[in-house]
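Written out below as structure tokens is the structure these notes cover.
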Amino acid sequence: ITLIPLDATQHVPVTPDFFKRLSKERKTPSSNFVYEVLKPYMNTERKIAYFWDPLAAVVMTHPEIATYRELKLTINLKKGPEYGRVMMTKTGASVQVATGINGEAFYDIFLQTLNRSSHLKPNYNESK
């Protein structure tokens, strides 16, 4: 099990610099879509967001971009304000927790993935 906690995503914010790079390097409908989704947000006073789900996907396909710490974790299932909280325990499941991210590697891989054109077109008429 690999956990990409929210604090690890702080290593890969959507910065004005990344947005400018995306603007210049978008070559596919996918990269243009991401650009258009980010554009209104980048024009606001708060110009920072985080790549939560894209980071998890990139780490799953390129685990070398992260540093990890092996922790024993459990989820609190007792009713109350701490319900659902992930906690370190001596008897919990062994989980690989991402503690650091190589931001430049993430940005490169993410942008390359967005700009990858698919040569395989789905055949929706194919019988099953």
Side-chain angles (χ1 to χ4, degrees):
I1 297 173
T2 301
L3 174 65
I4 314 297
L6 286 178
D7 57 341
T9 67
Q10 293 178 350
H11 296 264
V12 290
V14 181
T15 63
D17 287 339
F18 176 79
F19 184 71
K20 286 176 195 170
R21 181 177 170 193
L22 175 63
S23 174
K24 292 176 185 174
E25 297 180 29
R26 56 195 160 121
K27 300 173 185 168
T28 64
S30 296
S31 60
N32 194 57
F33 174 79
V34 171
Y35 171 80
E36 291 297 333
V37 167
L38 292 175
K39 185 167 50 172
Y41 187 79
M42 296 307 292
N43 290 329
T44 65
E45 198 169 298
R46 183 175 179 242
K47 294 181 179 170
I48 193 162
Y50 299 96
F51 285 115
W52 297 319
D53 295 334
L55 175 61
V58 170
V59 168
M60 290 299 101
T61 58
H62 296 82
E64 70 279 2
I65 74 161
T67 54
Y68 304 93
R69 183 172 173 204
E70 193 79 20
L71 298 175
K72 295 216 178 261
L73 302 178
T74 191
I75 298 172
N76 182 357
L77 298 176
K78 294 178 184 171
K79 291 183 181 179
E82 298 288 311
Y83 181 80
R85 181 176 176 213
V86 177
M87 303 178 302
M88 287 190 294
T89 62
K90 293 180 182 180
T91 59
S94 186
V95 176
Q96 183 173 253
V97 180
T99 57
I101 305 295
N102 178 334
E104 288 308 311
F106 166 79
Y107 294 127
D108 289 345
I109 293 165
F110 184 51
L111 199 51
Q112 287 169 9
T113 302
L114 289 175
N115 282 321
R116 185 174 301 144
S117 61
S118 175
H119 297 292
L120 299 174
K121 303 290 183 194
N123 183 351
Y124 297 108
N125 297 322
E126 187 175 290
S127 61
K128 295 185 179 198

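When a residue number appears, it is its place in the shown sequence, counting from 1.
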Less than 4.5 Å apart, any side-chain heavy atom of [X] and any of [Y]?
{"X": "V59", "Y": "I101", "answer": "yes"}
{"X": "I4", "Y": "T2", "answer": "yes"}
{"X": "K20", "Y": "M42", "answer": "no"}
{"X": "V97", "Y": "L73", "answer": "yes"}

Aromatic plane relationship, Y35 with F19 - under 30° parallel, 30 to 60° tilted, over 60° perpendicular: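 Judged by the thresholds at 30° and 60°, the geometry between F19 and Y35 is parallel.
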With no hydrogens and no angle check, is any side-chain donor or acceptor of [X] less than 3.5 Å from a backbone partner on [Y]?
{"X": "T28", "Y": "R116", "value": "no"}
{"X": "Y68", "Y": "P63", "value": "yes"}
{"X": "S31", "Y": "N115", "value": "no"}

Step-by-step side chain to side chain contact (heavy atoms under 4.5 Å, CB included) determination, T15 to R21: CA-CA 10 Å; T15 63; R21 181 177 170 193; over 6 Å; no
Counterpart residues, side chain to side chain donor-acceptor pair (under 3.5 Å), relative to Q10 (two or more places apart):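 Q10: no side chain to side chain donor-acceptor pair (under 3.5 Å) contacts found.
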[atom1]/[X] to [atom2]/[Y] distance, rounded to the nearest 0.5 angstrom?
{"X": "M88", "Y": "L71", "atom1": "CE", "atom2": "CG", "answer": "6.0 Å"}
{"X": "I65", "Y": "L55", "atom1": "CD1", "atom2": "CG", "answer": "6.0 Å"}
{"X": "F18", "Y": "F51", "atom1": "CZ", "atom2": "CZ", "answer": "4.0 Å"}
{"X": "E25", "Y": "Q112", "atom1": "CD", "atom2": "CD", "answer": "9.5 Å"}
{"X": "H62", "Y": "D108", "atom1": "NE2", "atom2": "CG", "answer": "10.5 Å"}
{"X": "D17", "Y": "L22", "atom1": "CG", "atom2": "CG", "answer": "12.5 Å"}

Residue L77 excluded, over 12 heavy atoms near CG under 6.0 Å: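 Yes, enclosed.
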